**Q** 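The following block contains the structure, expressed as structure tokens.
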Amino acid sequence: MPASDDAYARIFRAVEAIPRGRVSTYGRIAARAGLPGRARQVGFALRSLGDGSVPWHRVVNAGGRLSVVGEAAVIQRRRLLAEGIRFDAHDRIDLERFGCDLAGPTAASPPPARSSGPAVPSRRPTPRRRAG
DNA sequence: GCAATGACATTTT
DNA sequence: TAAAATGCCATTG
């Protein structure tokens, strides 16, 4: 049991705040949790979780790569792919597209599609509406 | 309390 | 882009 148990709770809250189909960085989570500069502790907290209700797999390092090693890396990557996250040829994630700021209520809003961009990771490939 | 470690971030080369 | 070095600080032994 870590001494900063309260801090851990805040971290988990920030992690859970990450919308599906997006990822965030440790530094970002730490900042949202009110722990600017404790990016490392974020990862430490997630590690302590193991398999919990916290979507830890949506947390990657500033390089958009998986800092985890071993089985966790497989699990994380597996889940990210399942959520629509795409990996670069170097097993990296484009934070410009999938990285969410979590800096405000607009974090849940999809980023502006760039020209010739690969488009937003829409969860609904067939957005057909019901004929009311 | 000290020394070593770590799921990081940033800067420089 | 990749690799190395440095800063940061809680956790662990």
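Each chain gets a letter, A, B and so on, in the order the sequences are listed, and its residues count up from 1. Keep in mind that this is a model prediction, so the values were computed, not measured.
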**Q** Taking the side chain of A/R47 as its heavy atoms from C-beta onward, which of B/dA7, B/dA9, C/dC9 lies nearest to it?
**A** B/dA7

**Q** Contact class for A/R65 vs. all strands (heavy atom < 4.0 Å): base, sugar-phosphate, or nothing?
**A** nothing

**Q** Could you tell me whether the side chain of A/I11 reaches within less than 4.5 Å of the side chain of A/I29, counting heavy atoms only?
**A** yes

**Q** Does A/G37 reach a base, just sugar-phosphate, or nothing at all? Heavy atoms under 4.0 Å.
**A** nothing

**Q** Over how many whole Å does the gap from A/R77 atom CZ to B/dA7 atom C1' extend?
**A** 17 Å

**Q** If we ignore hydrogens and angles and just use 3.5 Å, is the side chain of A/N61 paired with the main-chain N or O of A/G64 as donor and acceptor?
**A** yes

**Q** Can you check the A/D6 CG to C/dT11 C1' distance for me, whole Å?
**A** 16 Å

**Q** Distance check needed: C/dA3 P versus A/H90 NE2, whole Å only.
**A** 11 Å

**Q** Side chains of A/F12 and A/W56: closer than 4.5 Å at any heavy-atom pair?
**A** no

**Q** Taking the nucleotide of DNA chain C with the nearest heavy atom to each, does A/R92 or A/R38 sit closer to the 5' end?
**A** A/R92

**Q** Rounded off to whole Å, could you give me the CG-to-P distance for the A/L46 and B/dC8 pair?
**A** 10 Å

**Q** Expressed in angstrom and rounded to an integer, what is the separation of A/D88 atom CG from C/dT1 atom P?
**A** 9 Å

**Q** Quick check with a 6.0 Å cut-off and a 45 degree axis cone: is A/R92 positioned over the face of A/F87's six-membered ring?
**A** no

**Q** Would you call A/E83-A/R22 a salt bridge at under 4.0 Å N-O?
**A** no

**Q** Hey, does A/F44 reach any base, or is it just sugar-phosphate, or nothing, if we go heavy atoms under 4.0 Å?
**A** sugar-phosphate

**Q** What's the closest nucleotide to the side chain of A/A62 if the choices are C/dT11, B/dA9, B/dA7?
**A** B/dA9

**Q** Calculate the interatomic distance between A/D94 atom CG and C/dT1 atom C1'; express it in whole Å.
**A** 15 Å

**Q** Just the rounded figure in Å: distance from P of B/dA9 to CG of A/L95.
**A** 9 Å

**Q** A/W56 side chain: which of C/dA10, B/dA7, B/dC8 is closest?
**A** B/dA7

**Q** Heavy atoms from C-beta onward define the side chain here; which of C/dC9, B/dA9, B/dA7 lies closest to that of A/V68?
**A** B/dA7

**Q** Please give, in whole Å, the distance from C/dC9 C1' to A/I11 CD1?
**A** 12 Å

**Q** Can you tell me if the side-chain N/O atoms of A/Y8 get under 4.0 Å from OP1 or OP2 in C/dT11?
**A** yes

